[in-house]
Amino acid sequence: MRYHLTPIHCRPWLLNALSFKLIESHYENNYGGALRRLNAITEKLESLDFDTTPGYVINSLKREELVALNSTLLHELYFASLGGEGKPTAPIAEALARDFGSFNRWKSEFVAMGNALGGGSGWVLLVYMPRDRRLINQYAAEHTQAVAGGIPILALDMYEHAYHIDYGANVKAYVDTFMRNVDWKAVEDRLEDAAKVEPPRPLVQPEFGDLPGVAVEEVKAMLNAGKPVQFIDARPRHFVSRTQDIIDGATWRDPDRVQDWAGELSKSDPVVVFCAYGFHVGCKTAIALREAGFDAKFMKGGHSGWRAMGGPVKQHV
Ligand SMILES: [Fe+2]
């Protein structure tokens, strides 16, 4: 396979205080160089016999492939980030205010990250994360750092080749100039596309229908707020004897004997029940309690999820 060239997106004659010489050199030598290198590496990889090639050769080529691929992609985004007047559109200002507090707060962080890379090299990226449906500013060194599953929508190149011809070592002036040239309408369009990407699919247990579940963070907040929650650890007996710890605030009850202890619970206060990981046992116990007339929910992720969140546990006696 061959990677194809993406034409330069910004119109160099519209840029403010970035010279043709700088932009042409950057596009032709650095972007073009990365793309040409990527294709040469790809060709080399395609010619290898992976059964006989030493591991160090594969490591080295795959690493170089990643560097060249990310450099290609980020440079395409960099040139597509330029060509505007640096004035954020209303939807972008709104999205940045939602995720950073205000546009200016976002800008302070982004600009400070660029300035902090002066004398070094790397990228500053504004990235949309489908998992949390939000934007973050990301630092990337050597082209290779990327948020897994993130979609970059604005790229600031902080390699010296991006500014030295015009600004020498004056990093701050370059970053300010970049901000004055951002094409925010194009960023808005990319955000619109990125926001259509669905978060990773949640765990689905169709066998339990629409049994209501509650997140570990939510349960912790309820307990911290002193809400009257009946918090039941329904891990199977062998789990409890093996792990020897119990969630602080929870009471262990044998899931095999629900009928024996259900009568001790109050029907007016909610019940949150959990098992080891949030699968069958906790769900089945919650269903049994609901059928008996309790306002019961299962805790997603169970005991293990609670511990992973950093929730308090105590020794089981
Ligand atoms: Fe560059």
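Positions are given from 1 along the sequence. As the structure lists them, so they are numbered: ligands from 1, and atoms in each ligand from 1.
Taking 4.0 Å as the cut-off between side-chain N and carboxylate O, D260 and R257 count as a salt-bridged pair.
The angle H161:NE2 - the Fe ion (ligand 1) - H26:NE2 amounts to 100°, with values rounded to 10 degrees.
With respect to the Fe ion (ligand 1), D157 has OD2 as its nearest N, O or S atom. H75 has its closest N, O or S atom to the Fe ion (ligand 1) at the position named NE2.
Screening E142, H143, M158, M113 for a side chain to side chain contact (heavy atoms under 4.5 Å, CB included) involving W123 leaves a single residue, H143. Applying side chain to side chain contact (heavy atoms under 4.5 Å, CB included) to L82 and the options L15, T177, I8, L14 leaves one that passes, L15.
Counting only distance, with no hydrogens or angles, the side chain of W252 and the backbone of R235 share a donor-acceptor pair below 3.5 Å.
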